[in-house]
Amino acid sequence: MAAEGWSERVRKLLKTMNSFHGAGSSKALCFPFMVAGQQVGYVLPAVAKCLHQYPTVFSVSQRDEALPCVELNKQLTSCDQRTAAVQRVLKELKAQQAFPCLKGWRDEMYNVMPYFCDTPFFRMERAATPLLGVKRYGAHLNGYTWRNDEMHMWLARRALNKSTYPGLLDNLAAGGISSELGVRETLIKECQEEACIPASLATLSKSVGTVSYTYEGSDGGIYPECQFVYDLELPEEFVPQVGDGEVQEFYLWSLDKVRGAIGSSDFKPNCAMVALDFLIRHSYIQPDQESHYVELVEGLHQSL
């Protein structure tokens, strides 16, 4: 059997990362998750059944009703009230070991709102967000430089003790946006912590758009995610250094080598998407050369 080509591997990556939108997904079975009359997520039936045990916090309608949904109790009217109530439930579910994703509890809070520009309805533990299918946001940096008039990209390899995707290739710096930080604040913090990029250099990074996708995890959770993407041209003499231990080493690769790694099992999937976006935006992948160009571009921007 012939080896799988690059286009096939990348299309498979994008299909996997957008699996919630695809045929055979659990989307049709999910309950919309509502807060103050607005949908902020999706809840699988098994999770809805569990949340039904907490009527003072969650209201769960039946599947045979006209508008089945999981709704946060309307008597919880403030952000702090909702945050405290949801956190109590999640801590109890964690103690019960009710869902696999809760094993990754981080004591890190994420905002929950319909759109990123909205005032948060409440905050919740990062590890529990897949249970309610609420959108998570992150900031990713493409660091690049020039060698012999050829563009090269810096990539990181994740530490082997990382709880998720240990040892896989990653963008130069990246991290989730917690409730107390903004997008650029997150980016600068991650640059300093992960790659020892000083703030004076990280602030020169340019916002270049987003990459969005929604997939169903092997842990039974739903993962709608949006990554804010930044590009930073680094001085030729700059070499990133391991900072907080989340990275084990850095590589400076030609774009041809980066392209070859995208879609492979060696690359953290969402970071491979960010790298793919970089190659498309910098005209390294062009429509006349890649027959599935439109499919690749659309696969990077699938939102709920």
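Since the structure is predicted, the reported quantities are computational estimates derived from the model, not experimental observations. Just so you know, these numbers use all the heavy atoms, side chains as well, and skip hydrogens, waters and symmetry mates.
Counting only distance, with no hydrogens or angles, the side chain of Asp277 and the backbone of Val211 share no donor-acceptor pair below 3.5 Å. In this structure a side-chain-to-backbone donor-acceptor pair under 3.5 Å is missing from Glu298 to Glu295. Of the possible donor and acceptor atoms, none in the side chain of Ser212 sits under 3.5 Å from a partner among the backbone N and O of Gln302. Using a distance-only test at 3.5 Å, with no hydrogens or angles considered, no donor-acceptor pair links the side chain of Asn171 to the main chain of Ala173.
Judged as a ring pair (Phe, Tyr, Trp, His ring centres under 6.0 Å), not a single pair has a partner in residues 161-209 (not counting sequence neighbours). The stretch residues 118-128 participates, sequence neighbours left out, in these salt bridge (Lys or Arg N to Asp or Glu O under 4.0 Å) pairs: Asp80-Arg123, Glu108-Arg126. Judged as a ring pair (Phe, Tyr, Trp, His ring centres under 6.0 Å), the pairs with a partner in residues 282-304 (not counting sequence neighbours) are, in order, Tyr144-His282, Phe278-His282. Listed by first and then second residue, the ring pair (Phe, Tyr, Trp, His ring centres under 6.0 Å) pairs that reach into residues 185-223 are Tyr215-Tyr223, sequence neighbours excluded.
Between Leu131 and Val43, the closest side-chain pair of non-hydrogen atoms is not below 4.5 Å. For the pair Met109 and Thr83, the minimum side-chain heavy-atom distance is below 4.5 Å. Between Glu225 and Thr214, the closest side-chain pair of non-hydrogen atoms is not below 4.5 Å. Contact check for Leu72 versus Phe121: no side-chain heavy atoms found under the 4.5 Å cut-off. No side-chain heavy atom of Arg136 sits under 4.5 Å from any side-chain heavy atom of Pro224.
Contact detail for Leu255 and Met151: the closest heavy-atom pair is CG-O, 3.6 Å. Here the closest heavy-atom approach between residue Ala127 and residue Gly104 is recorded as CB-O, 3.4 Å. In plain terms, the two heavy atoms of Asp219 and Cys101 that are nearest each other are OD2-CB, 3.4 Å. Scanning all heavy atoms of the two residues, the minimum distance from Ala48 to Val60 falls at O-CG2, 3.7 Å.
Met124 and Phe58 fall within the same hydrophobic cluster, defined by Ile, Leu, Val, Met, Phe, Trp and Tyr side-chain heavy atoms under 4.5 Å apart, directly or through other members. Under a hydrophobic-cluster definition in which Ile, Leu, Val, Met, Phe, Trp and Tyr are linked whenever side-chain heavy atoms come within less than 4.5 Å, directly or via other members, Val57 and Tyr110 are assigned to different clusters.
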Which donor-acceptor pairs under 3.5 Å do side chains of residues 85-93 form with protein atoms, sequence neighbours excluded?
| unit_1 | atom_1 | unit_2 | atom_2 | d |
| --- | --- | --- | --- | --- |
| Glu92 | OE2 | Tyr54 | OH | 3.1 |
| Glu92 | OE2 | Gln96 | NE2 | 3.4 |

Extract all donor-acceptor atom pairs below 3.5 Å that involve side chains of residues 24-40 and protein atoms in other chains or at least two apart in sequence.
| unit_1 | atom_1 | unit_2 | atom_2 | d |
| --- | --- | --- | --- | --- |
| Ser25 | OG | Phe20 | O | 2.9 |
| Ser25 | OG | Gly22 | O | 3.4 |
| Ser25 | OG | Lys27 | N | 3.2 |
| Ser26 | OG | Glu216 | OE1 | 3.0 |
| Gln39 | NE2 | Gly41 | O | 3.0 |

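Other residues sharing a hydrophobic cluster with Phe228 under the 4.5 Å side-chain heavy-atom criterion for ILVMFWY residues are Met113, Phe116, Tyr137, Leu141, Trp154, Leu172, Ile177, Val183, Leu187, Ile197, Leu201, Leu204, Tyr230, Leu232, Leu234, Phe238, Val239, Val242, Val247, Phe250, Leu252.
Among residues two or more places apart in sequence or in another chain, the salt bridge (Lys or Arg N to Asp or Glu O under 4.0 Å) test is passed with Glu185 by none. By the side-chain contact (heavy atoms from CB on, under 4.5 Å) test, Glu150 is found to be paired with His152, Ser254, residues two or more places apart in sequence or in another chain being considered. A search for ring-ring contact (aromatic ring centres under 6.0 Å, His included) contacts involving Trp253 returns Tyr251, not counting sequence neighbours. Shown here are the ring-ring contact (aromatic ring centres under 6.0 Å, His included) partners of Phe99, two or more places apart in sequence or in another chain: there are none. For Ala199, the side-chain contact (heavy atoms from CB on, under 4.5 Å) partners are Ile188, Gln192, not counting sequence neighbours.
For Gln289, the CD atom counts as densely surrounded, since its 6.0 Å shell holds more than 12 non-hydrogen atoms of other residues, nucleotides or ligands. Crowding of Gln286 atom CD: a count of heavy atoms from other residues, nucleotides or ligands under 6.0 Å exceeding 12.
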Step by step, would you call Arg281 with Asp231 a salt bridge (charged side-chain N to carboxylate O under 4.0 Å, His left out)?
CA-CA 11 Å; Arg281 288 186 293 99; Asp231 288 354; 2.8 Å; yes
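Here the rule is salt bridge (Lys or Arg N to Asp or Glu O under 4.0 Å) with Asp266, and of Arg9, Lys257, Arg158, Arg157 only Arg157 fits it.
Judged by distance alone, the side chains of Thr186 and Glu190 never bring a donor and an acceptor atom under 3.5 Å apart. A donor-acceptor contact closer than 3.5 angstrom is absent between the side chains of Arg184 and Thr203. A side-chain N or O of Lys135 and one of Ser303 form a donor-acceptor pair less than 3.5 Å apart.
Once rounded to the nearest 0.5 Å, the distance linking CG of Asn142 with CG of Leu279 reads 8.5 Å. The distance from the OG1 atom of Thr145 to the CD atom of Glu237 is 8.0 Å, given to the nearest 0.5 Å.
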